[in-house]
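Accompanying notes for the structure given below.
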Amino acid sequence: MELPHDILTGRVKAAAGAAWWTLLIMVILLTLSWLGVLFITSHRPEWASQLWGGGKIDWDQVHVMYLWFFGAMKMILWIVFILAVWLSIWGCKLRRLGR
């Protein structure tokens with residue numbers, strides 16, 4: 001029979017692994033979207049301007065929106081990173097206590 005301490009340790013380790021995978025996926029998606037932004041803002045296609053409000057938004061406003069978006073996403077990345085580190089450390093300490 002498995003002890004409750006072992007069950008908790010396994011769940012914390014699984015949560016830490018899920019947090020690290022989430023962080024990795026978020027970094028990959030954020031990098032790909034940043035490369036897309038670089039491509040779009042360097043070429044400034046007309047269809048993108050039409051997509052963002054029918055030409056009512058100029059490219060300076062688009063840059064500000066991207067700045068806010070990437071700033072918010074980086075703050076979320078930091079939160080996920082801190083959570084992943086905390087869960088990893090907690091899982092290691094639980095494993096040591098169970099020995």
Side-chain angles (χ1 to χ4, degrees):
M1 183 173 145
E2 201 170 12
L3 296 174
H5 183 270
D6 296 334
I7 294 172
L8 177 65
T9 303
R11 288 183 179 174
V12 169
K13 285 172 46 179
W20 286 112
W21 277 106
T22 303
L23 185 69
L24 177 67
I25 291 169
M26 286 176 68
V27 167
I28 290 170
L29 289 176
L30 193 63
T31 303
L32 289 175
S33 62
W34 176 69
L35 291 173
V37 165
L38 286 179
F39 178 76
I40 289 174
T41 55
S42 66
H43 289 90
R44 296 185 179 201
E46 184 61 34
W47 62 266
S49 177
Q50 293 297 321
L51 185 65
W52 294 313
K56 296 177 185 172
I57 297 177
D58 62 349
W59 286 100
D60 291 332
Q61 291 173 327
V62 171
H63 284 277
V64 170
M65 286 188 302
Y66 281 139
L67 181 66
W68 277 101
F69 170 75
F70 285 114
M73 289 304 293
K74 285 182 181 182
M75 292 302 292
I76 293 171
L77 278 174
W78 272 109
I79 291 169
V80 173
F81 175 75
I82 290 169
L83 178 69
V85 168
W86 178 71
L87 284 169
S88 298
I89 292 171
W90 188 29
C92 288
K93 286 187 178 190
L94 282 175
R95 190 172 355 126
R96 271 193 245 132
L97 289 175
R99 290 183 185 169

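- For Phe69 against Ser33, the heavy-atom pair with the smallest separation is CE2-OG, 4.5 Å.
- Side-chain heavy-atom separations under 4.5 angstrom define the hydrophobic clusters, and the remaining members of the one that includes Leu24 are Trp21, Ile28, Leu32.
- In this structure, Val12 and Leu87 approach most closely via the heavy-atom pair CG1-O, 3.5 Å.
- Scored by the ring-ring contact (aromatic ring centres under 6.0 Å, His included) test, Trp86 finds Trp90 as partners (sequence neighbours excluded).
- Under the side-chain contact (heavy atoms from CB on, under 4.5 Å) criterion, Ile79 pairs with no residue, sequence neighbours left out.
- For Thr9, the side chain to side chain donor-acceptor pair (under 3.5 Å) criterion is met by no residue, not counting sequence neighbours.
- Take Ile76 and apply the side-chain contact (heavy atoms from CB on, under 4.5 Å) test, not counting sequence neighbours, and it matches Met26, Met73, Val80.
- Interatomic distance, CZ of Phe81 versus OG1 of Thr22, reported as 14.5 Å (0.5 Å rounding).
- Rounded to the nearest 0.5 Å, atoms CD1 (Ile82) and CG (Leu77) are 11.0 Å apart.
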List the atom pairs, donor and acceptor, that lie under 3.5 Å between side-chain atoms in residues 13-20 and the rest of the protein, sequence neighbours left out.
unit_1, atom_1, unit_2, atom_2, d
Trp20, NE1, Ser88, OG, 2.8

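- With sequence neighbours excluded, no residue forms a side-chain contact (heavy atoms from CB on, under 4.5 Å) with Leu67.
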Donor-acceptor contacts under 3.5 Å from residues 49-57 side chains, at least two apart:
unit_1, atom_1, unit_2, atom_2, d
Gln50, NE2, Glu46, OE2, 3.1

I'd like to know whether Val62 forms a side chain to side chain contact (heavy atoms under 4.5 Å, CB included) with Arg44, so could you lay out the CA-CA distance, the side-chain angles of the two residues, the decisive distance to 0.1 Å, and finally the verdict. CA-CA 10 Å; Val62 171; Arg44 296 185 179 201; over 6 Å; no
